[in-house]
2 protein chains.
Amino acid sequence: MIRRETRQRKTVLDVLRRAGSHPTADVIYGQVREIIPNISKGTVYRNLKILQEDGEIAELSLSGTVNRYEGRKENHYHFRCMRCGDVFDLDEPVDKGLDERVAARTGFEVASHRLEFCGLCRDCRRK
Amino acid sequence: MIRRETRQRKTVLDVLRRAGSHPTADVIYGQVREIIPNISKGTVYRNLKILQEDGEIAELSLSGTVNRYEGRKENHYHFRCMRCGDVFDLDEPVDKGLDERVAARTGFEVASHRLEFCGLCRDCRRK
DNA sequence: TTAGGTGCAAAACCTTTGCCATCCC
DNA sequence: GGGATGGCAAAGGTTTTGCACCTAA
């Protein structure tokens with residue numbers, strides 16, 4: 001399947017890259033609609049899926065039912081505030097050897113790992 | 001709100017504790033129904049939520065839309081096979097100091113962390 | 001007795017899909 | 001031209017909820 005460059009797909013990617021956060025599909029849809037007012041939700045979902053397949057973006061399946069997306073490519077870790085629900089990127093260094101150690105110990109083929117912290121963010125712990 | 005001990009809630013917890021895996025709500029529903037044939041799905045969902053609130057069980061929000069649940073209380077890590085979708089518990093030692101290090105670095109209050117590996121399980125990598 | 005719980009069914013959500021028109025290469 | 005995409009709306013699947021009836025304490 002040869003990908004075609006469409007305005008819709010490009011805009012979805014742009015919005016996500018510029019977001020700097022981890023928006024839900026619905027939030028992305030809202031922002032894209034400011035640029036392409038008649039874009040449909042189905043198109044946003046389809047393109048989010050395609051961009052994932054192409055490795056352009058990643059789907060974050062953190063807690064909760066709703067998926068969130070992010071545009072960064074390098075692996076990094078996340079912190080989710082249990083009060084406000086916001087998700088932050090962390091600078092914590094990524095342990096590159098972790099995958100290999102687990103692979104050696106389990107016999108599984110380890111492709112990647114994902115580390116998520118949970119607690120209260122700076123703003124919420126003050127309240 | 002004072003909790004009452006009902007057969008339904010007790011059975012949901014029992015099933016999950018004995019499962020040793022990470023079943024979806026639907027799978028739990030199926031197994032509970034072998035014991036209480038006329039239990040409703042709503043009750044299973046309600047009790048899964050209550051048991052979470054009480055810290056008896058945990059919801060795993062790994063990839064995919066469907067939530068999975070587990071009965072273990074101590075922190076431990078998971079491996080998800082990207083082909084068969086199964087989730088395995090790992091023996092990998094839990095890094096107890098990790099939360100504190102991140103807390104010190106970020107100023108967030110870190111309650112816990114969750115580490116998930118992704119790849120191919122032993123069976124699937126052979127195929 | 002009575003607040004909490006259950007069953008049932010409908011509603012609410014999020015996401016995917018089918019279809020046909022449209023657009024890119 | 002022809003296959004990839006988009007828009008629209010309906011379908012699909014999971015989870016939540018309202019309500020009347022129970023039931024544990």
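Letters A, B, ... mirror the listed sequences (proteins, then strands); counts begin at 1. No hydrogens, no waters, no symmetry mates; every other heavy atom, side chains included, goes into these values.
Closest to the side chain of A:Asn67, out of C:dT15, C:dT16, D:dG6, is C:dT15. Which of D:dG7, D:dG6, D:dT15 sits closest to the side chain of A:Asn47 comes down to D:dG6. Side chain of A:Tyr45, nearest nucleotide from D:dT15, C:dT6, C:dT16: C:dT16. Closest approach to the B:Arg4 side chain among C:dT6, C:dT15, D:dT23 is made by D:dT23 (side chain taken as heavy atoms from C-beta onward). Here the side chain of B:Ile36 is nearest to one of D:dC8, C:dG7, D:dT15, namely C:dG7.
Between A:Ile2 atom CD1 and D:dG2 atom C1' there is a gap of 11 Å when expressed in whole angstrom units. Atom pair B:Glu53:CD and D:dT16:P shows a separation of 11 Å (rounding to whole Å applied). Distance, B:Asp26 CG to D:dT16 C1': 15 Å, rounded to whole Å. Look at OH on A:Tyr69: it is 8 Å from C1' on C:dT15, rounded to the nearest Å. Spacing between atom CD1 of B:Ile50 and atom C1' of C:dA3 amounts to 13 Å, rounded to whole angstrom units. Counting to the nearest Å, the C1' atom of C:dC24 and the CE atom of A:Met1 are 15 Å from each other. C:dT15 atom P lies 9 Å from atom CG of A:Leu48, rounded to whole Å. Counting to the nearest Å, the P atom of D:dC8 and the NZ atom of A:Lys41 are 13 Å from each other.
Nearest-nucleotide assignment on DNA chain C puts the 5′-proximal partner with B:Thr6, out of B:Thr6 and A:Ala25. Residue A:Gln8 is the one, among B:Arg7 and A:Gln8, whose nearest nucleotide of DNA chain D lies closer to the 5' end (criterion: closest heavy atom).
Considering B:Thr11, B:Leu13, B:Leu48 in turn, B:Leu48 is the only one that fulfils the side-chain contact (heavy atoms from CB on, under 4.5 Å) rule with B:Ile28.
Across all strands, A:Asn38 comes closer than 4.0 Å only to sugar-phosphate atoms, never to a base (heavy-atom distances). B:Arg46 comes within 4.0 angstrom of a nucleotide base, judged by non-hydrogen atoms across all strands.
Aromatic ring centres of B:Phe108 and A:Phe88 lie closer together than 6.0 Å.
Looking at heavy atoms from C-beta onward, B:Lys49 lies out of side-chain contact with B:Glu59 at the 4.5 angstrom threshold.
The side chain of A:Arg3 contributes no N or O atom lying less than 4.0 Å from OP1 or OP2 of D:dA4. For D:dG6, neither phosphate oxygen OP1 nor OP2 lies less than 4.0 angstrom from any side-chain nitrogen or oxygen of A:Thr43.
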**Study point:** Worked verdict on A:Arg18 versus A:Asp14 for salt bridge (Lys or Arg N to Asp or Glu O under 4.0 Å)
**Key:** CA-CA 6 Å; A:Arg18 249 180 281 132; A:Asp14 275 4; 3.7 Å; yes

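Summarising the geometry, atom CZ belonging to A:Arg114 is positioned 6.5 Å from atom CZ belonging to B:Arg80; distances are rounded to the nearest 0.5 Å.
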